[in-house]
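See structure below.
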Amino acid sequence: MYEIDFNSIKTPAYVVDERLLEDNLKLLHSVMEETECRILLAQKGFSMFAEYPLIGKYLCGTTASSLFEARLGKENMPGETHIFAPAYSDEEFPQILSLCDHVVFNSVEQWLKFRPMVLECDSNDNIPSGIANKALRPGVHSCGIRVNPGYAEVEHEIYNPCCAGSRLGATIEEFENALKENPDALDGISGLHFHALCEQNSDTLERVLEHFLQKFGKYIRGMQWVNFGGGHHITRPDYDIKKLIGCIKRVKEEYGVTVYLEPGEAVALNTGYLVASVMDVQRKHFEYKCDNGSVVAMTPVILDASAACHMPDVLEMPYRPFILGSGLPGEKKCNYRFGGNTCLAGDIIGDYSFDEPLKPGDKLVFTDMAHYSMVKNNTFNGIGLPSILACDSVGGIRIVKEFGYEDFKGRLS
Ligand SMILES: *Cc1c(COP(=O)(O)O)cnc(C)c1O
């Protein structure tokens with residue numbers, strides 16, 4: 001962690017430290033140099049486009065989950081623009097084609113539905129010659145199909161794309177049944193995509209990859225690329241980069257394809273903070289049984305940051321974010337339960353302890369709040385959005401964006 005003067009900050013505010021972001025980017029870039037793989041920013045996890053010029057210096061482009069994300073990436077970062085969505089609409093697809101150089105379809109059926117539009121021909125019976133054997137003409141959209149390797153080690157079912165009946169990606173049975181019905185269905189397809197990791201290390205990737213290759217390996221020979229999706233926690237201190245490099249090189253060498261990775265979280269992991277202030281320390285307290293068995297008096301505290309509005313993953317995932325200088329309940333003398341300034345009873349951030357009593361106006365710094373925070377926040381209860389700040393290479397803080405009433409009103413009618 002680099003030094004930042006959090007006391008000067010008007011709260012609530014997300015602060016992204018560009019020094020930490022650049023450290024992450026350098027690490028990701030070193031994987032690209034070592035393996036010749038291509039790494040994209042998955043904007044779903046981090047869409048702070050003010051930082052796209054910096055990110056674009058190190059990564060190969062962006063990937064999107066929707067038309068709007070694709071446009072944001074295309075307009076703000078040089079390099080490639082990829083997209084995957086569970087389904088494309090007839091209305092949006094022409095715009096998607098105008099923005100994206102790589103388009104990944106969720107099933108063979110989605111691909112066949114849009115193939116004539118991609119290849120600019122009348123119908124699937126009239127595919128131009130020369131695109132058989134999967135390779136596309138240069139300069140034409142590179143298309144892929146998302147497959148479901150049928151194996152994942154994701155603990156939270158909400159994040160498991162290989163759960164029973166998953167709507168994400170074609171299983172080998174679905175894929176092969178579609179090929180039986182349409183033997184030329186892969187004409188025009190340049191790559192396969194899988195995404196089955198969530199905050200995981202490369203040992204999990206290695207096992208997922210084994211399942212993917214066993215099932216789909218024979219189809220990627222002759223194709224141009226394989227996309228390993230996101231969920232690689234590459235910038236976490238204990239991540240085994242050597243193993244990742246081994247996985248990439250194996251696929252590149254055995255199958256002759258370019259490997260893409262599209263992390264979101266790993267790009268911005270541990271690069272930002274949410275700075276909040278204490279609004280009220282309540283007079284009441286309740287008995288709280290700590291994990292170590294001791295019982296402490298826990299005092300409710302209202303913050304100007306909300307779990308529901310500003311860090312929804314705290315409730316959705318769920319997890320307990322870390323606060324600088326805090327301990328677990330019972331670990332330090334003063335125990336507090338932090339909640340947001342909303343009417344939702346469950347807008348609870350978590351339970352913490354501190355050496356000194358808190359008072360209104362005290363600042364609290366939540367760590368690791370750059371990814372899946374500002375992309376998911378909302379103005380529920382009329383709560384304002386935190387400002388977005390950046391900390392530059394010499395520690396200077398600048399306000400990138402502030403929000404107000406118009407941002408609340410603008411999405412209502
Ligand atoms: C969510 C997602 C990503 C990014 O995942 P992270 O966990 O943020 O790395 C990449 N690709 C696809 C298809 C996704 O759904």
Side-chain angles (χ1 to χ4, degrees), residues 21 24-25 27-28 31 37-48 51 55 59-70 72-73 77 80-88 96 100 102-107 110 143-149 152-163 166-170 191-202 204-205 208-209 212 225-236 239 241 244 247-248 259-272 311-313 316-317 319 368-376:
L21 184 59
N24 280 358
L25 291 166
L27 186 71
L28 295 169
V31 174
C37 77
R38 301 179 73 78
I39 302 186
L40 310 165
L41 166 69
Q43 296 176 91
K44 183 183 75 187
F46 186 66
S47 299
M48 185 177 167
E51 301 297 350
I55 297 171
L59 303 188
C60 294
T62 57
T63 187
S65 325
S66 59
L67 172 63
F68 293 167
E69 279 188 1
L72 192 71
M77 204 190 299
E80 300 176 22
T81 307
H82 292 225
I83 189 168
F84 160 79
Y88 295 112
I96 285 170
C100 301
H102 288 66
V103 183
V104 176
F105 296 86
N106 196 29
S107 63
Q110 276 275 303
C143 292
I145 294 172
R146 175 168 174 172
V147 298
N148 175 344
E153 300 174 4
V154 179
E155 277 172 46
H156 305 280
E157 271 306 279
I158 186 177
Y159 297 116
N160 184 359
C162 300
C163 62
S166 171
R167 72 187 191 293
L168 300 168
L192 294 185
H193 175 293
F194 67 85
H195 170 74
L197 302 181
C198 178
E199 300 188 334
Q200 279 162 319
N201 213 317
S202 44
T204 307
L205 169 65
V208 170
L209 188 60
F212 167 75
W225 50 264
V226 169
N227 189 323
F228 289 2
H232 316 271
H233 241 191
I234 302 170
T235 49
R236 197 173 75 196
Y239 188 87
I241 293 189
L244 169 69
C247 289
I248 296 170
V259 172
Y260 281 95
L261 306 179
E262 46 180 33
E265 184 154 334
V267 174
L269 188 65
N270 288 315
T271 65
M311 38 186 140
D313 270 357
E316 195 172 300
M317 194 139 191
Y319 78 103
D368 199 20
M369 281 290 167
H371 59 85
Y372 292 105
S373 53
M374 47 188 114
V375 290
K376 295 187 86 172

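Residues: numbered from 1 along the sequence shown. Keep in mind it's a predicted model, so treat the numbers as computed, not measured. Ligands are counted one by one from 1 in listed order, and the atoms in each one are counted from 1 as well.
Checking side-chain atoms of Asn106 against main-chain N and O of Arg167 turns up a donor-acceptor pair under 3.5 Å. The backbone N or O of Ala370 sits less than 3.5 Å from a side-chain atom of Ser373, completing a donor-acceptor pair. The main-chain N or O of Ala268 is never found under 3.5 Å from a side-chain atom of His371 such that the two would form a donor-acceptor pair.
Note that NE2 of His82 is 11.5 Å distant from CD of Gln43, once rounded to the nearest 0.5 Å.
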Would you mind listing each N/O atom of ligand 1 next to any protein N/O under 3.5 Å, plus the distance?
from, atom 1, to, atom 2, distance (Å)
ligand 1, 7 (O), Gly231, N, 3.4
ligand 1, 8 (O), Gly264, N, 3.4
ligand 1, 8 (O), Glu265, N, 2.8
ligand 1, 8 (O), Tyr372, OH, 2.6
ligand 1, 9 (O), Gly231, N, 2.8
ligand 1, 9 (O), Gly264, N, 2.9
ligand 1, 11 (N), Glu262, OE2, 2.7
ligand 1, 15 (O), Lys44, NZ, 2.8

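Annotation: side chain of Leu269 is in contact with side chain of Asp368 (closest heavy-atom distance under 4.5 Å).
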List the atom pairs, with distances to 0.1 Å, where a side-chain N or O of residues 192-199 and a protein N or O form a donor-acceptor pair under 3.5 Å, not counting sequence neighbours.
from, atom 1, to, atom 2, distance (Å)
His193, NE2, Glu262, OE2, 2.7
His195, ND1, Gly230, N, 2.9

